[in-house]
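In this text the structure is predicted, and so the values were computed from the model without any measurement.
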Amino acid sequence: MKKTHLYLLALAIASVALSAIVYKWKVLQFPLQPAADVEVWTLQARIEYQPRRGPNTVALQVPAETPGFAVIDEKFVARNYSRLEESHPDGREVQWAIRRAVGNQVLYYRATVVRAEPRGPVQFAFEPRLAEAPVLDGPKATAAQTLLDQVRDQSADIVTYARELVRRFNEVPASPEVAILAEDHVTPEAQARFLAQLLAVRNIPARVIHGLRLGSEDGRTALQPWLVVWTGTAWVTIDPRTAAEGFPRDLFLWTASERPILVVDGNPRASVEFSVSRNLADAMAVAERRLEVQNANLVKYSLLSLPLQTQEVYKVLLMVPVGAFIMLVLRNLVGVKTFGTFMPVLIALAFRDTGLVAGIVLFVLVVGAGLLVRFYLERLRLLLVPRLTAVLTVVVLLMAAVSVLANQLNIEVGLSVALFPMVIMAMTIERMSVAWEERGGGSAIKEGVGSLVVAALAYLVMNWDPLEHLLFVFPEFLLILFALSLVLGRYSGYRLSELLRFRALAREADPIVPPPGKG
């Protein structure tokens, strides 16, 4: 019963940890690999106009809801202008105002965006409303009626009706009806709005939205119109150029408002130009900035909110349980003997600054010299505490001597010997000498070598950059190690070294035991 409770507890802890990791990876889009890059686009709207005398007001529709993308930074560049942002049911608008302006005026809006996968089908929040029906007379009214009747005969529902109507307008050569109707709507914008008006004749709500296609090309671009049609339950996006259904993955929705993109009071010649620049940025920094925009509290109460110096400290501390888990596996499952429980892990931390080979050499030199002094102190028959104090003093002097000698020989790595935990080294010398006296030199050397092997393996794992990044960004991985430690804590079977040691017994046949009363 106790084992079942333990296993259920470990399973619950591991499940919670995995759920948190998957959520941060898939939803919050934290990278699993260090130095990973993500695509970042800088979108710019450049407004230019000649001001009139007196006050001037400029209104620009700017992104609000952006399915498939997240705006992580915005900049409004307009010198000496006041700025007011206003949200409305269909989107968002920025208004600049100035009392007096002289000369050609240029204003900028810049947005930095990254991809953010939508959690479901793209939907819009605005209410369905019929567009204004077109005012047609004579041949155009007849052509419109004929065209709509033909489309109805070749469609099955609202979506296929709208797609067939768009297809007819893009058909080459155009039918006589389309040729008559399209002669006054030559631009993509005018054609898309006219399609929405024709759908209103059949009581189908439709409207035009505007977006930018974000790909690998940089430079000037233009807002493209897209048609959205209400099916009775949801909005469906249709490309007015190809009749393709669905919201494209590379389409950045600039605005879904029916208001003009740019309005400058009393200045119809004002213009706005759009440009796109694509770059690569650090995935971790982008994910952190995106999270700050979407939910600042998730960053405020995480390791990412700590000062950079403190973050570096925790990057090291979070690796200590990994080293301890490696030691747990090597001791409890493999059967490697070591001095102390966490001494190899602390030695592995020292190896991070000295390097593996140089660290082992320095460790052997200091511990070997310390053992000679310890054996001499044994003859003086000192008590435990004075003896440890003397050994610690000798260890510090030995470390200083190694550093001075290395400096004279121009060996820089020798200067790092001071990073070794001197108290741990003193205790290692003490325990190794006691083991030498009680169990012999072979056993003591075996445990010392085992400690170095565990420290070396722990160093190799703890010094792996991808793992360090993974544990800092997803500290929930430590809960998985915690769950595994709980499970291994009840293991009392044979260790691998014991199976190898007693493998000869496994090959011997079991003795035949005679039944009671015979033999």
Side-chain angles (χ1 to χ4, degrees), residues 316 319-320 323-324 326-327 330-331 334-463 497:
V316 177
M319 300 300 293
V320 173
I326 293 174
M327 185 199 59
L330 292 177
R331 285 191 60 172
V334 179
V336 178
K337 295 182 178 180
T338 62
F339 287 120
T341 306
F342 297 107
M343 184 271 290
V345 180
L346 297 177
I347 298 298
L349 288 178
F351 287 166
R352 290 170 63 92
D353 294 294
T354 63
L356 182 59
V357 177
I360 292 176
V361 172
L362 294 173
F363 181 82
V364 171
L365 286 177
V366 174
V367 172
L371 275 176
L372 295 177
V373 175
R374 170 62 178 80
F375 289 144
Y376 174 76
L377 293 178
E378 181 66 24
R379 295 186 177 185
L380 303 179
R381 299 188 179 279
L382 301 179
L383 297 177
L384 177 61
V385 176
R387 188 171 67 237
L388 287 176
T389 304
V391 171
L392 178 61
T393 304
V394 171
V395 167
V396 173
L397 291 175
L398 288 172
M399 293 167 65
V402 171
S403 296
V404 171
L405 181 61
N407 186 45
Q408 293 299 320
L409 297 176
N410 293 325
I411 303 176
E412 294 183 2
V413 72
L415 303 177
S416 302
V417 70
L419 297 172
F420 276 104
M422 53 190 176
V423 176
I424 295 298
M425 295 184 71
M427 293 300 299
T428 301
I429 294 171
E430 176 66 21
R431 296 191 61 175
M432 193 169 184
S433 63
V434 172
W436 197 299
E437 295 172 356
E438 293 179 353
R439 298 188 295 273
S443 177
I445 293 177
K446 185 182 295 184
E447 292 186 17
V449 172
S451 299
L452 279 180
V453 170
V454 174
L457 291 177
Y459 161 78
L460 293 175
V461 175
M462 294 168 63
N463 205 43
S497 60

Throw together a table of side-chain donor-acceptor distances under 3.5 angstrom for residues 449-461, partners on residues two or more places apart or in other chains.
unit_1: S451; atom_1: OG; unit_2: F339; atom_2: N; d: 2.8
unit_1: S451; atom_1: OG; unit_2: E447; atom_2: O; d: 2.9
unit_1: Y459; atom_1: OH; unit_2: N463; atom_2: ND2; d: 3.4

Show which side-chain atoms of residues 356-375 pair as donor or acceptor with protein atoms under 3.5 Å away, not counting sequence neighbours.
unit_1: R374; atom_1: NE; unit_2: E430; atom_2: OE1; d: 2.8
unit_1: R374; atom_1: NE; unit_2: S433; atom_2: OG; d: 3.1
unit_1: R374; atom_1: NH1; unit_2: E378; atom_2: OE1; d: 2.8
unit_1: R374; atom_1: NH2; unit_2: E378; atom_2: OE1; d: 3.2
unit_1: R374; atom_1: NH2; unit_2: E430; atom_2: OE2; d: 3.4

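Every residue was checked against the side-chain hydrogen bond (donor to acceptor under 3.5 Å, both in side chains) condition with T393, not counting sequence neighbours, and none meets it.
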Requested in this report: Could you walk me through whether T338 and R331 pass the side chain to side chain contact (heavy atoms under 4.5 Å, CB included) test, one step at a time?
Outcome: CA-CA 8 Å; T338 62; R331 285 191 60 172; 3.4 Å; yes
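Here side-chain hydrogen bond (donor to acceptor under 3.5 Å, both in side chains) pairs that include residues 355-367, with residues two or more places apart or in two chains, number zero. Applying the side-chain hydrogen bond (donor to acceptor under 3.5 Å, both in side chains) test to residues at least two apart or on different chains, none of the pairs has a partner in residues 359-373. Applying the salt bridge (Lys or Arg N to Asp or Glu O under 4.0 Å) test to every pair with at least one member in residues 388-406, sequence neighbours left out, gives no pairs at all.
Taking every heavy atom of both residues into account, L330 and V334 meet most closely at O-CB, 3.2 Å. Shortest non-hydrogen contact noted between I445 and M432 is CA-CE, 4.0 Å.
The distance from the NZ atom of K446 to the CZ atom of R439 is 10.5 Å, given to the nearest 0.5 Å.
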